[in-house]
Amino acid sequence: ISIYESKIKKLEQPLLAGTPSYATPSNFVPNEVLEEVFDNVDRILHLQDWHASLCMIYLTITGTSLFQYSKNLLYEFVKSFQKMQNKKDDFVVVFKNKNCLFWNSAQNEFTKRIFQKEKYLKEIEVVLPSETCDLFLEEMKNLKIQSKDRHQWINVFKSQSKKINAYNILIFMFKVITQTMHKTKF
């Protein structure tokens with residue numbers, strides 16, 4: 001671990017790839033396109049990992065993929081992106097459109113699948129490490145949810161037991177992800 005401040009000002013381009021079951025459209029576009037669409041590329045890259053984690057948690061618990069239809073959209077998106085051949089302006093327009101389509105689909109699937117497995121997901125409880133609760137509390141500052149729900153989340157993350165069921169973890173994570181990555185207006 002380096003304790004010295006990096007002289008690199010621009011974030012390095014990660015590999016443009018991802019496992020479709022765990023990926024988002026942003027996994028397949030260059031940082032310069034993400035910079036045009038989102039305020040904070042670092043946050044988008046971070047939330048790509050959250051999305052993958054969310055998908056893996058659901059798969060581990062249920063044995064099924066969370067985004068069975070939405071992942072298929074990514075194949076189409078990649079083909080569209082490959083045809084762009086470095087035309088940044090066109091790429092941005094196509095990405096905005098495809099990103100919106102993906103997240104609309106993902107929200108529908110998430111709601112459907114979480115509801116289908118709600119009873120089962122609520123039976124599985126975990127104790128969150130304090131560091132995770134601190135991270136989630138930090139995310140609460142950015143999350144725009146109703147005050148009743150907000151109060152509920154804060155109570156869970158500040159509680160002594162730090163117990164939470166899988167259902168609520170998945171819902172919280174998805175809210176955080178979609179409030180940043182699912183832009184309907186540009």
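We count residues from 1, following the sequence as given.
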key: Phe136 ring center within less than 6.0 Å of Phe172 ring center   =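 Between Phe172 and Phe136, the centre distance is under 6.0 Å.
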Answer yes or no: is there a side-chain heavy-atom contact under 4.5 Å between [X] and [Y]?
X      : Y      : result
Asn168 : Trp153 : yes
Lys162 : Ser130 : yes
Thr64  : Tyr58  : yes
Asn165 : Ile124 : no
Ile164 : Phe157 : yes
Thr180 : Asn40  : no
Phe115 : Leu121 : no
Arg113 : Gln68  : yes

message = Please determine whether side chain to side chain contact (heavy atoms under 4.5 Å, CB included) holds for the pair Met173 and Ser53, giving the CA-CA distance in whole Å, both sets of side-chain angles, and the decisive distance to 0.1 Å.
response = CA-CA 9 Å; Met173 290 178 71; Ser53 298; 4.1 Å; yes
Going from [atom1] on [X] to [atom2] on [Y], what distance comes out if it is rounded to the nearest 0.5 angstrom?
X      : Y      : atom1 : atom2 : value
Leu135 : Glu138 : CG    : CD    : 8.0 Å
Leu54  : Leu47  : CG    : CG    : 11.0 Å
Tyr69  : Glu109 : OH    : CD    : 8.5 Å
Leu66  : Ile57  : CG    : CD1   : 10.5 Å
Ile44  : Met181 : CD1   : CE    : 5.0 Å
Gln107 : Ile177 : CD    : CD1   : 11.0 Å

Can a donor-acceptor pair be found, under 3.5 Å and without considering hydrogens, that links the side chain of [X] to the backbone of [Y]?
X      : Y      : result
Glu139 : Val176 : no
Ser105 : Leu101 : no
Gln48  : Ser26  : yes
Thr132 : Leu128 : no

inquiry  = Going by side chain to side chain donor-acceptor pair (under 3.5 Å), His182 matches just one of Asn99, Thr24, Asn104. Which one?
reply    =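 The passing option is Asn104.
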Asp42 side chain to His46 side chain, donor-acceptor N/O pair below 3.5 angstrom =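 His46 and Asp42 do not have a side-chain donor-acceptor pair below 3.5 Å.
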task = Give the C-alpha distance, both sets of side-chain angles, the deciding distance and a yes or no for side chain to side chain contact (heavy atoms under 4.5 Å, CB included) between Ile114 and Phe174.
result = CA-CA 11 Å; Ile114 289 294; Phe174 195 69; over 6 Å; no
Of all the heavy-atom pairs spanning [X] and [Y], show the shortest one and how long it is.
X      : Y      : value
Val156 : Lys163 : CG1-O, 3.9 Å
Phe91  : Val33  : CD2-CG2, 3.8 Å
Cys55  : Ser21  : SG-O, 3.4 Å
Ile61  : Ala166 : CD1-CB, 3.5 Å

ask   = ring pair (Phe, Tyr, Trp, His ring centres under 6.0 Å) with Tyr167: which residues, sequence neighbours excluded?
value =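 Partners of Tyr167 under the ring pair (Phe, Tyr, Trp, His ring centres under 6.0 Å) test: none.
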query = After noting the C-alpha distance and the side-chain angles of Glu123 and Lys117, does the key distance pass the salt bridge (charged side-chain N to carboxylate O under 4.0 Å, His left out) rule?
reply = CA-CA 10 Å; Glu123 291 175 4; Lys117 303 285 185 176; over 6 Å; no
key: Transitive ILVMFWY cluster of Leu59, excluding itself - 4.5 Å side-chain cut-off   =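 Same cluster as Leu59: Tyr22, Met56.
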query = Using a side-chain heavy atom cutoff under 4.5 Å and only I, L, V, M, F, W and Y, what cluster partners does Tyr75 have?
reply =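 Joined to Tyr75, directly or through intermediates: none.
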inquiry  = Is the ring pair Phe102/Phe67 parallel, tilted or perpendicular, if the boundaries are 30 and 60 degrees?
reply    =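 The rings of Phe102 and Phe67 sit tilted, inter-plane angle from 30° to 60°.
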ask   = CG of Asp39: more than 12 outside heavy atoms within 6.0 angstrom?
value =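 No.
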